[in-house]
There are 2 protein chains.
Amino acid sequence: MIVPPKNSSETNREYAFRVISENIISLEIEPGSMIGEQEIATALGLSRTPVHEAFLELSKSKILDILPQKGCLVSMIDSDLIREARFLRITVETALVEDACELAKEEDLRELDDNLALQEFYLSKDADKLLALDNEFHKLIYRICNKMQCYYMVSLMSMHFDRVRSLSLHSVKDLKIVSDHRAIFDAIKKKDPAAARAAFQKHMARFDLDWNIISREYKQYISDNSK
Amino acid sequence: MIVPPKNSSETNREYAFRVISENIISLEIEPGSMIGEQEIATALGLSRTPVHEAFLELSKSKILDILPQKGCLVSMIDSDLIREARFLRITVETALVEDACELAKEEDLRELDDNLALQEFYLSKDADKLLALDNEFHKLIYRICNKMQCYYMVSLMSMHFDRVRSLSLHSVKDLKIVSDHRAIFDAIKKKDPAAARAAFQKHMARFDLDWNIISREYKQYISDNSK
DNA sequence: TATTTTTAACTAGCATACAAGTTAGAAAAA
DNA sequence: TTTTTCTAACTTGTATGCTAGTTAAAAATA
């Protein structure tokens with residue numbers, strides 16, 4: 001497990017949640033593996049309590065399955081849960097990009113534009129940085145629409161989806177993702193909800209094609225009930 | 001605080017979460033009041049630990065604001081968070097009722113129909129029972145579409161909305177709510193997504209009108225940043 | 001009396017200890 | 001050898017005590 005230093009502003013519980021989340025999403029902790037509270041607590045230099053609380057939160061999104069008195073199972077890649085996460089993101093964010101056409105102020109547009117400039121700069125240079133900018137772009141849409149609580153809920157479920165996305169980093173064309181973002185931005189700037197909706201749905205559709213490839217290529221991580 | 005008996009199948013943590021949730025939604029615990037872990041633990045006959053964990057989960061939806069070393073503030077009625085909850089429910093469930101038109105099997109339709117029959121039976125007889133049946137009706141839609149994880153996420157946020165709904169029980173016309181449900185059901189049965197969408201949006205629109213009435217009538221519970 | 005300082009009683013975060021249930025392997029019995 | 005029983009080492013759930021920080025009222029000072 002990769003253990004980054006603790007940020008001084010976060011509590012031990014938040015630190016534990018952040019580190020475990022990152023390690024699960026990056027597949028550093030493998031799907032289907034068992035992790036114990038004590039084991040993680042020792043690795044992070046904490047007691048069981050904050051780790052236990054982080055585990056509880058992770059279990060709410062079913063990314064971690066707590067088996068009382070047995071242990072904690074890092075969930076296998078589950079197509080049903082990925083479908084739910086995709087459904088939630090697409091449904092919510094499609095509605096948001098339409099609303100953003102009305103709500104986006106000049107400063108919001110500038111922030112989106114700055115983010116896109118960075119995406120274009122890091123394109124084919126730093127995949128991790130690009131992924132972070134991608135997440136930031138989507139988060140900005142929520143902020144423009146004053147829907148940060150929805151962002152938290154969607155993010156929690158998206159962990160299933162994010163884990164697959166990191167698997168597919170090499171097969172997805174970063175170039176197209178960034179140009180998709182540009183198209184969404186242009187539609188918001190032009191205050192054209194129909195175009196924004198269309199551009200967003202085209203964007204999200206790209207992650208559909210990957211699933212078939214991934215499910216064949218990484219089947220050791222795919223849960224049984226996935227087809 | 002109303003303390004129902006502990007269900008033998010639930011853990012102390014789940015029990016604490018259920019009891020506190022019910023008391024907050026029913027306004028038995030007033031918006032803006034402070035509650036302590038020890039106080040609730042004593043009332044429920046538990047130690048602080050499971051109550052602490054229940055508080056953490058409640059704080060995730062911002063229905064409870066944990067102020068470290070100070071106490072826990074039961075959130076005031078917040079129009080922004082209600083708007084988010086409404087937005088999430090309307091957006092997600094509008095998409096679901098469309099999908100349900102394809103996905104609903106004969107048995108699903110029968111379950112919806114049974115639920116509706118009970119709603120019609122309890123109409124103007126038992127408001128609490130009707131509310132429970134309403135919740136069950138919406139939950140069935142999620143189950144038909146295999147989106148129970150989304151249901152959990154939406155439910156958590158809906159607490160803000162549910163708290164207002166209980167305030168508005170007398171002003172909302174139960175008769176219309178039940179006939180709305182019937183219209184949604186008919187559309188799903190006829191496999192008509194456009195009609196289902198329209199019926200659902202008409203249904204949810206009813207809760208818009210109430211807000212203005214409630215915000216004037218119960219202003220002692222409304223947070224400052226609400227307009 | 002008015003203002004500052006102190007103190008004692010709170011709070012939640014966290015560490016630790018124990019309780020209760022599971023599991024795998026050793027030991028005993030067939 | 002094979003099967004069964006037992007035991008010891010695990011697991012998470014929960015209780016308890018301690019820590020650090022906040023608050024409000026009492027006490028000291030002006």
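Numbered from 1 within each chain, the chains take letters A, B, ... in sequence-line order.
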key: Nearest-angstrom distance from the residue atom CG of A:Leu56 to C1' of D:dG13   = 10 Å

task = Using whole Å, report how far NZ of A:Lys70 lies from C1' of D:dC10.
result = 14 Å

note = Sorted by chain and number, sequence neighbours left out, side chain to side chain contact (heavy atoms under 4.5 Å, CB included) with A:Ala54 holds for A:Ala16, A:Phe17, A:Ile20

task = Could you check which residues of residues 5-23 of chain A get a heavy atom under 4.0 Å from DNA chain C? Sort them by number, please.
result = A:Thr11, A:Asn12, A:Arg13

ask   = Taking for each residue the nucleotide of DNA chain D bearing the nearest heavy atom, is the 5' side occupied by A:Cys72 or by A:Thr49?
value = A:Cys72

query = In whole Å, what is the span from the CZ atom of B:Arg48 to the P atom of D:dG13?
reply = 18 Å

ask   = Going 5' to 3' on DNA chain C, which nucleotide is the first and which the last to come under 4.0 Å of a heavy atom in chain B?
value = C:dT11 to C:dG13

ask   = A:Gln38 CD to D:dG13 P: how many Å, rounded?
value = 14 Å

task = Look at all strands and tell whether A:His52 reaches a base, only sugar-phosphate, or nothing, counting heavy atoms closer than 4.0 Å.
result = base

request  = Considering just the side-chain nitrogens and oxygens of B:Ser47, establish if one lies under 4.0 Å of OP1 or OP2 belonging to D:dA15.
outcome  = yes

message = Nearest 0.5 Å, please: how far is CE in A:Met153 from CE in B:Met157?
response = 6.0 Å

inquiry  = Classify B:Ile35 by what it touches in the nucleic acid, base, sugar-phosphate, or nothing, heavy-atom distance under 4.0 Å.
reply    = sugar-phosphate

